[in-house]
Amino acid sequence: MFSQSPNALLVLGLLSHSPFAQCKQNTIIRDVAIIGGGASGTFSAVRLLDQGKSVVLIEKESILGGHTNTYLDPLTKQTVDYGVEVFHNQQVVKDFFAHLNVSWIITKPSFGASAPKYLDGNTAEQVNYTSPDPTAALIEYATQLSKYRQLELGFFLPDPIPDDLLLPFGEFLSKYPDIGNATFTIFRFGQGLGDFLEQPTLYVFKNFGLDVVQDIASGFLVTTNQNNYEIYDQATRILGPDALLSSCVVSTHHRDNSGVQLDVETPTGRRIVRAKKLLVAIPQKLENMSPFALDDRESGLFGEFMNTGYYTSLLNNTGLPANFSSWSVGANTSYHLPKLPGVYTVTSTAIEGIFDFKYGSPHALPDDYVRGEIASYVKKMQANGIAEKVPGEPEFVRFSSHTPFELTVSQEQIANGFYEELYALQGYRNTWYTGAAFHTQDSSMLWNFTDSTVLPALLK
Ligand SMILES: Cc1cc2nc3c(=O)[nH]c(=O)nc-3n(C[C@H](O)[C@H](O)[C@H](O)COP(=O)(O)OP(=O)(O)OC[C@H]3O[C@@H](n4cnc5c(N)ncnc54)[C@H](O)[C@@H]3O)c2cc1C
Ligand SMILES: *[C@@H]1O[C@H](CO)[C@@H](O)[C@H](O)[C@H]1NC(C)=O
Ligand SMILES: *[C@@H]1O[C@H](CO)[C@@H](O)[C@H](O)[C@H]1NC(C)=O
Ligand SMILES: *[C@@H]1O[C@H](CO)[C@@H](O)[C@H](O)[C@H]1NC(C)=O
Ligand SMILES: *[C@@H]1O[C@H](CO)[C@@H](O)[C@H](O)[C@H]1NC(C)=O
Ligand SMILES: *[C@@H]1O[C@H](CO)[C@@H](O)[C@H](O)[C@H]1NC(C)=O
Ligand SMILES: *[C@@H]1O[C@H](CO)[C@@H](O)[C@H](O)[C@H]1NC(C)=O
Ligand SMILES: *[C@@H]1O[C@H](CO)[C@@H](O)[C@H](O)[C@H]1NC(C)=O
């Protein structure tokens, strides 16, 4: 282990302690070790503490929150959420917020209220299109969804798996033309799905499920202060030293019926974590999972995951007029969906002059490439008169990669029982799993899944 360290001084430093003292100092012993402090991992840590368990939460970034991005404007003290925005009006959310002392309100999404422009997602040319009223089509869509209510609770697929769930979503839409007028709305809301019309219908159903359709009608839950980081700020306080930030598991000593032992790199040096149980709440791509000494069964499953790319940013100095917003479309594409990679949406924020740009891709892209594409999109808007020509370059106030985002497997894998095999991993080698790949890209749904399905099994 030490021989892997390129830093000779670090090695000398470690050797200067006696092995016994070092072991005592550096070993963290807990009931549960949790990997990943995003929506699912943070919730798990707080809930387990609440239930009298000792935990350690290992997060690679310097803050908790995962896909939650909150920008605090130093001048106005205004906050802008440019990652996770809304939650569901569900008991698990209200209980969690009450526990964290985060206040919330219910708001209805304002579809069309701000009169967005329809622009090509690559050329920024204005497109003569207005999305149709999706109401009737959403009812048709919900009728289809209601055939598979178990999907709201997890990847609980009927046996045999109906063909409709396996069809690429574009083919599903051809089969059910009355849903067509909801396509653009589902696409825009379910951002991050990559090649939308090619994705198996299952993934569209999971991302834009019955509960989302209902909340569009009756209202979403949002933090009163429009500062979703409050959730993770409070959780960080509650967890205190039980949260190891800027930390990564580098190797696994063992992971079996006797418990788990992990080597963890932290800002204050190498630590050993010993826990009775392991809960993994990071995207379970093979490259993320490699430090956990996977066996063939585990790596066979995780190795199947493909992923999309999703990027968020806040820009200054764009020349866009106040209150501007645009929805990207394609001039001559099916359902007018924009071609990806490309810009999804541009939205004004509560801070004057700062605009939110969301960008999507069917696959991961280098961050620098995406930044370049977004900046060049602003230049195109300036060139065609949508934005004013201003001196200087568009300035990134924030840029955040949410990649790998949606984790999917092929139709064949779904048909061959992938999710049954994936769920059968729960508890195998004293390891449990939660997070989006095990359910859906939705914090509220993940909290309920974690609370009702994963933690009770882990605690048994
Ligand atoms: C732009 C955007 C907008 C969204 N809007 C909403 C919304 O409005 N409402 C909603 O409910 N959902 C929304 N989502 C989806 C929601 O964010 C996800 O469903 C949810 O965050 C998934 O939670 P998770 O715990 O699976 O993963 P994440 O929140 O991604 O957490 C994973 C954590 O693990 C950490 N990590 C990764 N690898 C390692 C490693 N090797 N070691 C240690 N730590 C690691 C990451 O840094 C991260 O903190 C949005 C997502 C994006 C990207
Ligand atoms: C809860 O939040 C309110 C309002 O933000 C604050 O006044 C109060 O002190 C907080 N209580 C706790 C226990 O954090
Ligand atoms: C936009 O499209 C509508 C109907 O397709 C058409 O009537 C109208 O003339 C078009 N407008 C422009 C500016 O092209
Ligand atoms: C879709 O919307 C358009 C425009 O609002 C309408 O003319 C058309 O009939 C709708 N199509 C279906 C299948 O409902
Ligand atoms: C945006 O640019 C303006 C003009 O240069 C500047 O005054 C302001 O501070 C910038 N805002 C941010 C958040 O960078
Ligand atoms: C932008 O919208 C806000 C809130 O609706 C409004 O108060 C303001 O006047 C608008 N600004 C412009 C320039 O239209
Ligand atoms: C739109 O696509 C169709 C079919 O691919 C093609 O025939 C048509 O010429 C295209 N129109 C434009 C304006 O690009
Ligand atoms: C939460 O999960 C439980 C168990 O799966 C389920 O019975 C319940 O309906 C879920 N609640 C919501 C709001 O989805």
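In what follows, every heavy atom counts, from backbone to side chain, and hydrogens, waters and symmetry copies are set aside. Just so it is clear, the structure is predicted and the values come from calculations on it, not from any experiment. First listed ligand is number 1; within each ligand, the first listed atom is number 1.
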If you measure every N/O of [X] against every N/O of ligand 1, is any gap under 3.5 Å?
| X | result |
| --- | --- |
| Ala436 | yes |
| Val86 | yes |
| Glu59 | yes |

field: Non-neighbouring partners of Tyr310 that pass ring pair (Phe, Tyr, Trp, His ring centres under 6.0 Å), sequence neighbours left out
entry: Tyr344, Phe405
message: Give me the residue, atom name and distance of the protein heavy atom closest to atom 41 (N) of ligand 1.
response: Ile282 CD1, 3.9 Å
- request: Considering only non-hydrogen protein atoms, determine which one is nearest to atom 44 (N) of ligand 1 and report residue, atom name and distance to 0.1 Å.
  value: Lys60 N, 3.2 Å
Taking distance alone, no hydrogens or angles, what donor-acceptor pairs closer than 3.5 Å link side-chain atoms of residues 214-221 to residues at least two apart or in another chain?
residue: Asp215; atom: OD2; partner: His88; partner atom: ND1; Å: 2.9
residue: Ser218; atom: OG; partner: Gln214; partner atom: O; Å: 2.9

Donor-acceptor pairs are to be reported for all side-chain atoms of residues 147-159 against protein atoms at under 3.5 Å, with residues two or more places apart or in another chain.
residue: Lys147; atom: NZ; partner: Gln144; partner atom: OE1; Å: 3.1
residue: Glu152; atom: OE1; partner: Asp211; partner atom: N; Å: 3.2
residue: Glu152; atom: OE2; partner: Leu210; partner atom: N; Å: 2.9

message: Distance under 4.0 Å to a non-hydrogen atom of Gly435: what atoms of ligand 1 satisfy this?
response: 26 (O)
query: Taking only heavy atoms of Glu85, which atoms of ligand 1 are found under 4.0 Å from at least one of them?
result: 5 (N), 6 (C), 7 (C), 8 (O)
message: When you compare ligand 4 with Asn181, is there at least one nitrogen or oxygen pair between them that comes in under 3.5 angstrom?
response: yes
Ligand 8: which protein N/O atoms lie under 3.5 Å from its N/O atoms?
residue: ligand 8; atom: 2 (O); partner: Asn448; partner atom: ND2; Å: 2.4
residue: ligand 8; atom: 2 (O); partner: Ser452; partner atom: OG; Å: 3.3
residue: ligand 8; atom: 11 (N); partner: Asn448; partner atom: ND2; Å: 2.9

query: Among Thr79, Thr70, Asp81, Asn228, which one satisfies side chain to side chain donor-acceptor pair (under 3.5 Å) with Thr223?
result: Asn228
